[in-house]
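Here is the structure we will look at.
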Amino acid sequence: MDDKVKALLERVKGTANYAADAAADGARAAGRKAGQMVDVAKLNVRLFDLNGEYNDILRQLGQVMFDTHQGRTADPEQVSSLLALADEKSAGIAELKGRISDLRQSQNCPACGAPCGKGDKFCRACGGAL
């Protein structure tokens with residue numbers, strides 16, 4: 001085979017390998033992003049459920065307050081229990097919102113896969129461009 005043809009074939013082979021590597025990197029990045037989106041969706045479902053439970057507790061507390069206004073005696077243990085549940089649900093809501101925010105404010109390095117800040121231009125782990 002002619003040397004020029006061999007050189008041309010080697011360049012084509014190199015370009016094809018580069019394109020394959022770039023496609024694989026793109027597929028990995030897309031997979032990570034899809035996984036991140038699924039995680040956010042799951043957390044949003046849990047947040048929706050937790051908000052519903054919290055609102056139900058607040059409704060019950062409101063009923064106790066109204067009953068007290070009407071002259072009915074409120075059970076102090078019930079009030080304490082409802083307030084403790086409301087605090088627990090409120091803390092859970094704040095924690096889930098924080099996790100969702102963290103997931104949305106990060107990106108993964110296409111070179112090494114390390115998590116990086118959304119505004120970062122270079123990976124903190126490997127120095128690769130983001």
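When reading the values below, keep in mind they use all heavy atoms of this one structure, side chains included, and skip hydrogens, waters and symmetry mates.
Taking a cutoff of 4.0 Å between a charged side-chain nitrogen and a carboxylate oxygen, Arg99 and Glu95 qualify as a salt bridge. A salt bridge links Asp25 with Arg28: the distance from a Lys NZ or Arg NE/NH1/NH2 to an Asp or Glu carboxylate oxygen falls below 4.0 Å.
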message = Does Phe48 form a side-chain contact (heavy atoms from CB on, under 4.5 Å) with Asn44? I'd like the steps, not just the answer.
response = CA-CA 6 Å; Phe48 180 81; Asn44 276 324; over 6 Å; no
message = Pair Lys4, Leu8 - check side-chain contact (heavy atoms from CB on, under 4.5 Å), show working.
response = CA-CA 6 Å; Lys4 289 182 182 181; Leu8 179 62; over 6 Å; no
task = Check step by step if salt bridge (Lys or Arg N to Asp or Glu O under 4.0 Å) holds for Asp49 and Arg46.
result = CA-CA 5 Å; Asp49 291 342; Arg46 288 178 49 200; over 6 Å; no
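At distances below 3.5 Å, not a single donor-acceptor pair connects side-chain atoms of Asp56 with backbone N or O atoms of Gly52. Proximity of a side-chain donor or acceptor of Ser81 to a complementary backbone N or O of Glu77 within less than 3.5 Å is not detected. A donor-acceptor pair under 3.5 Å is formed between the side chain of Thr15 and the backbone N or O of Arg11.
For the residue pair Ile93 and Leu50, the shortest heavy atom distance occurs at N-CD2, 3.4 Å. Closest non-hydrogen pair, Phe122 versus Gly127, comes out as CD2-O, 3.7 Å. The two residues Cys126 and Ala111 make their nearest non-hydrogen contact at SG-CB, 4.1 Å. Leu130 and Cys109 get closest at one heavy-atom pair: CD2-CA, 3.6 Å. Considering every non-hydrogen atom in both Cys123 and Cys112, the closest pair reads SG-SG, 3.6 Å.
Side-chain atoms of Gln36 and Lys33, non-hydrogen and from C-beta on, do get closer than 4.5 Å to each other.
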